[in-house]
Amino acid sequence: MVLRFAPSPTGPLHIGGVRTALYNYLLARKHGGRFILRIEDTDQTRYVPGAEAYIIEALAWCGITFDEGPHVGGPAAPYRQSERKNIYAQYAHELVERGWAYYAFDTEEELEEMRRRFEAAGMVAPQYNAITRSYMKNSLTLPPEEVRERLQSQPYVIRFLIPRHREVRFYDKIRGWVSFHSKELDDKVLLKSDGMPTYHLANVVDDHLMQVTHVIRGEEWLPSTPLHVLLYEAFGWEMPEFAHLPLLLRPDGGGKLSKRDGDQLGFPVFPLQWKDPFTGEVASGYREKGFLPEGVANYVALLGWHPSGDKEIFTMDELIQEFSLERVSKAGARFDYEKARWVNQQHLRHKEPRVLLPLIEPFWRDRSLPPADDLTKEKMVQLARERAATLPEVVEVIVSFYLRPALPLHDKGIEKLQPPVVENLPAWIEQLPSAWEKSALEQWAKSFAKALGMGIGKVLPSLRLILTGQEAGPSLYEIMEVLGQQEVNARLEGFLAVHGVRKRV
RNA sequence: GCCCCGUUCGUCUAGCCCGGUUAGGACACCUCUCUUUCAAGGAGGAAACAGGGGUUCAAAUCCCCUACGGGGUACCA
């Protein structure tokens, strides 16, 4: 079993591309097959520097690895179509010789003119096909001597000669039998005038040469599949199996998710942040938003595919185990950012704090938090992890208790303070336990409350306000434990210095 | 326009192939519970077979039509 992912380096890979790559990867790994990365850079006008490196880095980040590709080499190298240019020309000419294709010399203006003419005559979208090709300048209409002469002196393309009256049927692993009539097809260009192949020729030739057995791609390719089927027939090659994945739709359902959506939708559409090399514009990525790669892969896997049971949270290895094309659905799936966050949260909760530490580092730095030793950080992450869905949210929770509250306390906080707690605080600071540990601290707080004849529910919120300036957050006992005796003392004394004295006056 | 693909809770979907389910799960939402609080957790709730025809004792499930949505229609991929 040989599968491939074949993006074109025209910009960053968006999340739909990630899913296509993921499904290919999952299937290859599940069946112990080969997985190839092929760069389809046959359109030189759309080449974007940095895009190929981005694609490789983004997929690696998601945990998707390749057995062959431009970055790792392999027996079918090269894996960039621009570096295989001469291969395609040879196959295109072979097709001409065998009567499956022909040379065409029409200029862009002439094509434009042809379309205008036929449109005026009532045709809606004239194609270069069985009817129109007889009016054009090509090796089917021009005398052989003129063809030979033009071949020497001017640019030309090679077009596929669509056979007439053919029902083209193929089996799609997801959709079942799909059929087209050849009269709907046009004589697609196979070899462009710059000598480069179009996608259609290149992907068929390469899939054959690389012995690809399964072509899994987006549904947008379904309409050009009959052309590919005919190409396999023309070459006399065995066809791979096809599976066309449902599209990833915008949350509003108004079309497929595209690169141009950028940040317009309120969530990233790219795995990694991307800076456009031409405009300098920056589009955000899941990595920079603090998502875990396993969270992104897990959520994306769920868009259009359903596991056999009710379980939804999977590691990559479990996905490999579980995945099958039979359980891929046909209808397009809308992207739901809220659920993506939830899936990520599930993964976050299952990660060890010490593993999370290095991942959190950049966000920690962004908030310019004071340094702390690893053990303290781990404890703080442990506390914060429970109430966050992404890495920066973990940091935000830490910020809420790790930073000293601003003094004097904000008015809303002062209002909520229980006066007896403030008044009796000096005496109780003395009673703080020497065994600095959360259960001792809990005992201390409870004794404090009891002495005041108040419920713990009245006392703790005030203490929380005094210690952190916040009204909500993780367990206060645990916060005190991780902050340490010195820091807690300093915060209590600091508060008293500002608010305690004033109270007494 | 034409061609192709699709249509189950707001969203992702199970069920459809092999007709008979109180149409299941998850996110989000609501209620309760636990908790010092906020989350998380636990319990519960509201919420869907696009419409119309067939076939059948029986249709979400099979067939046809309509509507709607999407994709394609380049010397782009």
Side-chain angles (χ1 to χ4, degrees), chain A residues 6-10 40-43 45-46 81 104 106-108 111 115 122-128 155-159 172 174-176 178-181 183-186 188-200 202-203 217-226 244 246-247 249 251 253-256 299 302-313 326-327 329-343 345 349 384-389 393 397 400 442 445-446 449 455-465 470-477:
Chain A
S8 63
T10 56
E40 310 231 323
D41 55 349
T42 54
D43 186 351
T45 64
R46 290 214 301 162
Q81 291 184 327
D106 317 281
T107 64
E108 215 171 299
L111 287 169
R115 288 188 191 109
M123 251 187 238
V124 179
Q127 297 179 311
Y128 206 111
Y156 62 90
V157 301
I158 292 179
R159 283 182 183 271
D172 184 282
I174 292 168
R175 285 149 219 285
V178 178
S179 72
F180 289 79
H181 195 96
K183 72 179 177 214
E184 314 294 346
L185 275 29
D186 59 345
K188 279 275 182 299
V189 169
L190 299 180
L191 199 71
K192 301 187 262 190
S193 55
D194 65 359
M196 279 287 194
T198 57
Y199 170 85
H200 307 295
N203 106 87
R217 71 228 303 192
E219 192 186 345
E220 69 267 29
W221 293 108
L222 200 53
S224 47
T225 304
H244 290 91
L247 263 14
L249 271 18
K256 64 174 177 176
Y299 175 64
L302 257 18
L303 288 171
W305 168 78
H306 196 270
S308 55
D310 281 340
K311 179 177 153 144
E312 289 194 302
I313 301 303
E326 284 65 43
R327 299 196 63 84
S329 50
K330 300 178 178 72
R334 299 189 196 191
F335 195 90
D336 180 356
Y337 189 54
E338 278 306 313
K339 183 138 187 188
R341 283 173 47 79
W342 178 80
V343 171
Q345 183 180 34
R349 294 167 62 86
R385 184 187 62 164
E386 303 300 318
R387 51 207 75 214
E393 287 170 22
V397 175
S400 75
E442 184 173 352
K446 284 181 171 164
I456 189 78
K458 291 256 185 202
V459 174
L460 269 180
S462 291
L463 278 176
R464 179 187 292 281
L465 236 12
Q470 306 289 320
E471 291 178 53
S475 157
L476 192 60
Y477 311 125

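Order of the sequence lines sets the chain letters (A, B, ...), proteins ahead of strands, with each chain counted from 1.
Tyr337(A) has its ring centre no less than 6.0 Å from the ring centre of Tyr299(A).
Residue Gln470(A) contributes atom CD, which lies 14 Å from atom P of C38(B) at whole-angstrom precision. Taking atom CZ of Arg464(A) as the reference point, atom P of A39(B) lies 12 Å away to the nearest angstrom. The distance between atom CD1 of Ile174(A) and atom C1' of C17(B), rounded to the nearest whole Å, is 16 Å. Separating the CZ atom of Phe335(A) from the P atom of U13(B) is a distance of 12 Å, rounded to the nearest angstrom. Remark: P of C2(B) and NZ of Lys183(A) are 13 Å apart, rounded to the nearest angstrom. Atom CG of Leu303(A) is separated from atom P of C12(B) by 9 Å (rounded to the nearest Å). Nucleotide A48(B) holds its P atom 17 Å from the CZ atom of Arg334(A), rounded to whole Å. Following rounding to the nearest Å, Tyr477(A) (OH) and U37(B) (C1') show an atom-to-atom distance of 11 Å.
Spacing between A14(B) and U61(B) at atom C1', rounded to whole Å, works out to 13 Å.
Under a 4.0 Å N-O distance rule, the pair Arg464(A)/Glu471(A) does not qualify as a salt bridge. Salt bridge annotation for Arg341(A)-Glu393(A): present, with a cationic side-chain nitrogen under 4.0 angstrom from a carboxylate oxygen.
Contact of Arg387(A) with C38(B) (side chain to base): a donor-acceptor pair of N or O atoms is detected under 3.5 Å.
In a base pair of the Watson-Crick type (N1 to N3 plus N6-O4 or O6-N4) or a G-U wobble (N1-O2 and O6-N3), with each distance short of 3.5 Å, U11(B) is matched with A26(B). Base-pair partner of G1(B): U73(B) (Watson-Crick or G-U wobble, both distances under 3.5 Å). In this entry C68(B) has G6(B) as its Watson-Crick or G-U wobble partner, both defining distances falling under 3.5 Å. For U56(B), there is no paired base (Watson-Crick or G-U wobble, both distances below 3.5 Å). Remark: C32(B) base-pairs with G42(B). Criterion, Watson-Crick or G-U wobble with two distances under 3.5 Å.
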Task: Contact letters for nucleotides 67-77 of chain B, in which S counts primed atoms plus P, OP1 and OP2 and B counts the base, heavy atoms under 4.0 Å - done: ---SBSS-BBB
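Nucleic acid contact class of Arg341(A) (heavy atoms, under 4.0 Å, all strands): none. No contact: Val397(A) has no heavy atom under 4.0 Å from any strand. As judged by a 4.0 angstrom heavy-atom cut-off over every strand, Leu476(A) is placed among the base-contacting residues. Within 4.0 Å of Gly455(A), counting heavy atoms only, lies no atom of the nucleic acid at all. When heavy atoms are screened at a 4.0 angstrom cut-off, Arg385(A) is found touching no nucleic acid atom at all.
For the salt bridge (Lys or Arg N to Asp or Glu O under 4.0 Å) test, no residue two or more places apart in sequence or in another chain qualifies with Arg387(A). When the side-chain contact (heavy atoms from CB on, under 4.5 Å) test is applied to Pro246(A), the partners found at least two apart in sequence or on another chain are Arg19(A), Arg175(A), Val328(A). Legend: residues meeting side-chain contact (heavy atoms from CB on, under 4.5 Å) with Lys183(A), ordered by chain and number and at least two apart, are His181(A). With sequence neighbours excluded, no residue satisfies salt bridge (Lys or Arg N to Asp or Glu O under 4.0 Å) with Asp106(A).
A donor-acceptor pair under 3.5 Å is absent between the side-chain atoms of Arg159(A) and the main chain of Lys188(A), judged by distance alone.
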Nucleotides 23-34 of chain B: which of its N/O atoms have a protein N/O under 3.5 Å away?
{"from": "A26(B)", "atom 1": "O4'", "to": "Glu312(A)", "atom 2": "OE1", "distance (Å)": "3.3"}
{"from": "A26(B)", "atom 1": "O2'", "to": "Glu312(A)", "atom 2": "OE1", "distance (Å)": "2.4"}
{"from": "A26(B)", "atom 1": "O2'", "to": "Lys339(A)", "atom 2": "NZ", "distance (Å)": "3.0"}
{"from": "A26(B)", "atom 1": "N3", "to": "Lys339(A)", "atom 2": "NZ", "distance (Å)": "3.3"}

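Using the six-membered ring where Trp is involved, Tyr199(A) and Trp221(A) have ring planes that are parallel, under 30° apart on the 30 and 60° scheme.
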